[in-house]
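Heads up, the thing below is written out as C-alpha cells.
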Amino acid sequence: MTPVEELARRVVDAERLVVLTGAGLSAASGVPTFRGADGLWRQYRVADLATPEAFARDPRLVWEWYDWRRGMIRRARPNPGHEVLAAWAARPGVTLVTQNVDGLLERAGADPIRLHGSIWHLRCWRPCAAGRTAWRDETTPLATLPPPCPHCGGHARPDVTWFGEPLDRTSLEAAAQAAAGADVCLAVGTSAVVFPAASLLPLARQHGAWTAEINIEATDASGAVDLAVRGKSEEVLAEAQRIVAS
C-alpha cells in the first residue's frame, strides 16, 4: 500500500476527521507563502510588517502591503487541494481548521475555523465600541489607505492575527475541541512551527488519533506523525480523492 493509499483509507474510515491547513495549500493558487525566498516585499520582511508596532508606526505602509496582497488573492482561484478538502468537509464529522487568511477554502465551498482571521475583514484599530466587531470589505484596491473605520472615522486594520498577538480564543477553543475528539488528524501544507496552531496535531495524537502530514518537505512535525506524505498538497489530495471516490 502506498502512502497516499494509506491516507485515503484512513480518510474513508474516519468518523471524526480534522484537517489543519497552512500556506502550502494555497501555493499552487499563486499565493506566496512569504517564507524563505518569498519572505520579502519590496525591501521589507513580512515579519516586520505584520505587527501592531509596524501599524502604529506606519499604517499606510502596512496597508500598502495588504492592499497589494488582497489584489493578488482576488486574482487567485481555489486549486484542487481546496476543492478536495471542501468536498470532504461536506461529510458529517469533518472539521477544517486553517491558518490561511486568503479565503480560498471558503471560495471552494468550505466553512473552516479561521485561526488567523481573514484578509477580507477589517476592524477598528483603536478600537471603538462598534468597530470591535469585524466587517467584510472585498474592495480592491481600497480607495483610501489606511481605510477608515465606518463607525468612528479612525484607522481600520486587517482582521488578521499579527505576530505578537494571541489567536482568537473562540476559534482556538473550537479547533482544540475538534482535534481532541478526532480519530484522524491531518496537517496539510503547514510547517507546524507556529504555536498554538502547531499544538493541534500533538493534541489529536495524545487523544488517540491517527495523524499524518502532507508537505513538500520535512517539517518539525514529520517525526511525530504516523505518516508523512511528501508532495505538493494539491497533487497528493487529488490523488487521495480519486482513491476515496473509487
Side-chain angles (χ1 to χ4, degrees), residues 3-4 6-26 33 35 81-106 108-118 159-161 163 165-231 233-234 236-237 240-241 244:
V4 179
E6 169 73 358
L7 176 70
R9 184 179 70 82
R10 295 284 183 168
V11 167
V12 168
D13 293 342
E15 294 184 3
R16 296 175 305 279
L17 169 66
V18 174
V19 185
L20 172 66
T21 71
L25 178 65
S26 294
T33 62
R35 292 187 180 275
H82 297 109
E83 293 166 355
V84 167
L85 292 181
W88 290 356
R91 292 169 35 191
V94 179
T95 302
L96 303 184
V97 182
T98 188
Q99 297 168 281
N100 298 341
V101 300
D102 53 41
L104 290 176
L105 271 172
E106 291 90 330
D111 183 22
I113 297 172
R114 295 193 298 258
L115 291 181
H116 293 171
S118 167
D159 185 36
V160 299
T161 302
F163 292 101
E165 293 184 324
L167 298 187
D168 175 73
R169 183 174 178 178
T170 300
S171 297
L172 182 58
E173 288 178 350
Q177 182 177 3
D183 47 30
V184 173
C185 186
L186 312 179
V188 179
T190 174
S191 58
V193 297
V194 179
F195 281 85
S199 66
L200 296 178
L201 205 60
L203 176 64
R205 193 173 193 192
Q206 178 184 343
H207 284 80
W210 183 86
T211 58
E213 74 161 2
I214 301 171
N215 210 300
I216 58 174
E217 59 188 5
T219 74
D220 287 357
S222 299
V225 294
D226 296 296
L227 178 69
V229 184
R230 293 287 160 260
S233 59
E234 71 278 5
V236 173
L237 288 170
Q241 174 63 1
V244 166

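Note that the numbering runs from 1 along the sequence shown for the chain.
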Let me check something: any side-chain donor-acceptor pairs from residues 90-97 under 3.5 Å, sequence neighbours excluded? List them with distances.
| from | atom 1 | to | atom 2 | distance (Å) |
| --- | --- | --- | --- | --- |
| Arg91 | NH1 | Val11 | O | 3.2 |
| Arg91 | NH2 | Val11 | O | 3.2 |
| Arg91 | NH2 | Ala14 | O | 3.1 |

Side chain to side chain donor-acceptor pair (under 3.5 Å) filter on Glu165, not counting sequence neighbours, yields Arg157
Applying side chain to side chain donor-acceptor pair (under 3.5 Å) to Ser118 and not counting sequence neighbours gives His121
The side-chain contact (heavy atoms from CB on, under 4.5 Å) partners of Glu106 (sequence neighbours excluded) come to Pro112, Arg114
Taken in chain and number order and not counting sequence neighbours, the residues that satisfy side chain to side chain donor-acceptor pair (under 3.5 Å) with Arg16 are none
Residue set satisfying side-chain contact (heavy atoms from CB on, under 4.5 Å) with Ala240, at least two apart, ordered chain then number -> Val4, Leu7, Ala8, Trp88
By side chain to side chain donor-acceptor pair (under 3.5 Å), Asp183 pairs with (sequence neighbours left out) none
Sorted by chain and residue number, the salt bridge (charged side-chain N to carboxylate O under 4.0 Å, His left out) partners of Asp13 (sequence neighbours excluded) come out as Arg9
Contacts of Ala174 meeting side-chain contact (heavy atoms from CB on, under 4.5 Å) (sequence neighbours excluded), chain-then-number -> Ile113
Applying salt bridge (charged side-chain N to carboxylate O under 4.0 Å, His left out) to Asp159 and not counting sequence neighbours gives Arg123
Residue set satisfying side-chain contact (heavy atoms from CB on, under 4.5 Å) with Arg230, at least two apart, ordered chain then number -> Glu213, Asn215, Ala218, Ser222, Ala228
Quick note, salt bridge (Lys or Arg N to Asp or Glu O under 4.0 Å) partners involving residues 92-102, not counting sequence neighbours, are none
